[in-house]
Amino acid sequence: MPHAGGGKPSKRATVVRPLRPPLRGWLGRGGGEAVNVQAADEFRGTTVQVCGLYPFSVGTGTPMIGVPLGKNLATGASVCCDPVSWFQRANLISNPSMFVLGKPGLGKSSLTRRMATGLAGYGSIPLVLGDLKPDYVDLIEALDGQVITLGRGRGYLNILDPGEATQAASRLVAEANEALAEAAELEQSPTAEEVADSIGELRRRGQKLQRLSLQVLADAHGRRHTMVAALLTILRSEPPTDREETIIDRALKWLDEHHEGVPVLADLLRVIQDAPDEVRQVALDRGDLARYKAITENLEASLIGLTSGGRLGEIFSRPTTTPMRRDRPVVYDVSSIDDSEGDLQAAILLACWSAGFGTVNVASALADAELEPRRHYFVILDELWRALRAGRGMVDRVDALTRLNRARGVGLAMISHTMSDLLALATAEDQMKARGFVERSGMVICGGLPGAEMPMLTSAVPMSRAEQDMLTSWQDPPAWDPVSGHEAEPPGRGKFLIKVGGRPGIPIRVQLTSAELAVNDTNKLWHTRSRAGRTPSEVDVEVLP
């Protein structure tokens, strides 16, 4: 139809499309329009004001770095935690160690096994240096590790065996001589000035390897000396005298210089009885052999007790049955030793700890020399209280074994029941040192604890009243099911509070997966009923009205 007036046709209004979609999305079919959710108002205030404004406020989420442990009891968020990852990767703690406290049966070992399994997946090697129950044998076997069985008639651990230290030192010396010889050869060449930097580098490497070899041998000597003194302490319930320790030190050096092969305690006893001049000099016998015999009489009697199967048996007086390896997970199975033999348990725990840390030191030296890859270890010291109660001076022995874990690339887990176990020592000095184990730990993980423990625990680890009430509620006994006649699960089983310094604790619940149940079963001997006497079909059951 022609337009009126013969003018030009009018232009239709055009819709200008924005460059970006509006808040609700593009309008129209397939445009993705959605209901707009307006952002909530934000307020900032002090903790006193905010808690009154909204009573359900919570803190920030936990770090997702480390071994997955379980759910946060307060928020339901996943919690990942282990001392190695929080020290190395997350930088949340200043020391790669943890101390675990809790009443028996609440899952301390299950928590530690979870960490050991996860860290093995991350590349750290678990070392269980003394398993008394056993709680870790199945796990280490599942990880294709090494199980070393010790006990009366089951296996022996020679405390004078330097382990791999001698071979490692020889390897370091050989590499050092090779580097120095190559530097000397280059120095005599016509192009010595052009390769001066290479010559200096070879010399520095040779000198470094020589220092490392001396350090490995000195560490092995110190650990053997410490273990002999520790066994004497347990046997006598008091540490040896300064003169006796000096005699032991010189006798061990005499064995290193004159004895062929690996010595045992009987060889050390023979050296002291034979009275070589080097030993008599440090004994200060003034040239009188009768005086020397009188000075060493008590030491000789104690060593005879260690070599002839006395209270501590012959476990430490024979050659080592199974040498420990440094490239695989390891567990020392000492479950055959009865709880009534407390001294023997403490002695064998110390011997296992000494052997384990000696192997770690060798691995660290070889890694420093770039002869082997760097290995990080997760060392588990379970039932710590047994060793601490063995005798006066044992706290110093344990402290010497565990203080250098950060410098050696070792994550450390120390496990005990309560603070009372650590503070029930003979002297106030030992009690303070034992409490220092908890204070120096990068993290403290607490399970259910009695209320009487709270004053001692809070003196080492700051805790709020709510956290203390939580720990005491977890130690309550389980309820009885009147229908089935069985106990329900304890309320605190698998529940732990992770404390790092003065920060608020993280309450978690550890739940085992189906893959872990097979290696966490500590009641395997009770799965089958006893078959002594009459068979079940012959038993008459009387139902009372």
Side-chain angles (χ1 to χ4, degrees), residues 127 129-130 157-173 209-235 239-259 262-265 267-269 271-272 278-279 282-283 299 302-303 306 316 320 323-324 326 346-369 377 379 381 387 390-391 393-410 412 433:
L127 300 180
L129 305 181
L157 180 60
N158 179 18
I159 63 171
L160 298 188
D161 189 350
E164 297 178 319
T166 304
Q167 294 82 358
S170 300
R171 183 179 175 186
L172 291 170
V173 169
L209 294 176
Q210 287 178 340
R211 290 196 305 270
L212 288 174
S213 66
L214 294 177
Q215 292 173 7
V216 168
L217 293 176
D219 180 80
H221 173 81
R223 292 187 183 279
R224 291 186 297 167
H225 184 192
T226 298
M227 271 312 305
V228 174
L231 291 185
L232 294 178
T233 301
I234 295 174
L235 191 66
T241 64
D242 295 341
R243 178 179 291 184
E244 288 176 335
E245 293 215 23
T246 305
I247 293 173
I248 293 170
D249 178 77
R250 187 56 58 92
L252 288 173
K253 291 179 179 178
W254 193 94
L255 280 174
D256 291 338
E257 296 172 358
H258 299 88
H259 185 80
V262 179
V264 295
L265 281 176
D267 297 319
L268 178 64
L269 174 61
V271 170
I272 294 176
E278 294 90 337
V279 178
V282 298
L299 178 59
S302 298
L303 290 176
L306 292 175
F316 311 106
T320 299
M324 176 181 171
R326 63 177 179 272
I348 203 165
L349 283 177
L350 277 177
C352 294
W353 298 350
S354 179
F357 278 99
T359 302
V360 169
N361 180 70
V362 170
S364 177
L366 293 175
D368 290 340
Y377 297 90
V379 178
L381 306 182
M394 294 305 297
V395 176
D396 294 326
R397 307 295 179 189
V398 176
D399 187 55
L401 288 174
T402 60
R403 187 172 284 273
L404 296 178
N405 62 302
R406 183 178 63 176
R408 303 293 170 82
V410 173
L412 188 62
K433 292 178 181 178

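Heavy atoms only: backbone and side chains are in, while hydrogens, waters and symmetry mates are out.
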Closest contact, heavy atoms only, [X] versus [Y]:
X      : Y      : result
Leu349 : Gly130 : CD2-CA, 3.7 Å
Ala169 : Ser213 : O-CB, 3.8 Å
Ala251 : Leu268 : CB-CD1, 3.5 Å
Met324 : Gly356 : SD-CA, 3.8 Å
Ser302 : Leu232 : CB-CD2, 3.4 Å

Got a second to check how far [X]'s [atom1] is from [Y]'s [atom2], nearest 0.5 Å?
X      : Y      : atom1 : atom2 : value
Ile348 : Leu129 : CD1   : CG    : 12.0 Å
Thr359 : Tyr377 : OG1   : OH    : 7.5 Å
Leu231 : Ile159 : CG    : CD1   : 4.0 Å
Leu212 : Asp219 : CG    : CG    : 12.0 Å
Leu255 : Asp267 : CG    : CG    : 6.0 Å
Cys352 : Met227 : SG    : CE    : 9.0 Å

Exam field: side chain [X] to backbone [Y], donor-acceptor pair closer than 3.5 Å:
X      : Y      : result
Glu257 : Trp254 : no
Thr226 : Gly222 : yes
Thr320 : Pro323 : no

Next item on the list: May I have the step-by-step check of side chain to side chain contact (heavy atoms under 4.5 Å, CB included) for Leu299 and Arg243, ending in yes or no?
Entry: CA-CA 10 Å; Leu299 178 59; Arg243 178 179 291 184; over 6 Å; no
Would you indicate whether the side-chain heavy atoms of [Y] and [X] approach each other to under 4.5 Å?
X      : Y      : value
Leu209 : Val173 : no
Pro162 : Val262 : yes
Leu214 : Leu172 : no
Val264 : Leu160 : no
Arg326 : Leu366 : yes
Leu306 : Phe316 : no
Leu350 : Ile234 : yes

Check: Hey, mind stepping through Asp256 and Arg224 against side chain to side chain contact (heavy atoms under 4.5 Å, CB included) and telling me if it holds?
Finding: CA-CA 12 Å; Asp256 291 338; Arg224 291 186 297 167; 2.8 Å; yes
Next item on the list: Measure up the His225 and His221 rings against each other and bin them: parallel (under 30°), tilted (30 to 60°), perpendicular (over 60°).
Entry: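 Taking His221 first and then His225, their aromatic rings sit tilted (interplane angle of 30° to 60°).
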Next item on the list: Could you give me the CA-CA distance, side-chain angles and deciding distance for Val282 and Asp249, then say whether side chain to side chain contact (heavy atoms under 4.5 Å, CB included) is met?
Entry: CA-CA 10 Å; Val282 298; Asp249 178 77; over 6 Å; no
Next item on the list: Report the C-alpha distance between Phe357 and Val379 in whole Å, list the side-chain angles of each, state the deciding distance to 0.1 Å, and finish with yes or no for side chain to side chain contact (heavy atoms under 4.5 Å, CB included).
Entry: CA-CA 9 Å; Phe357 278 99; Val379 178; 4.2 Å; yes
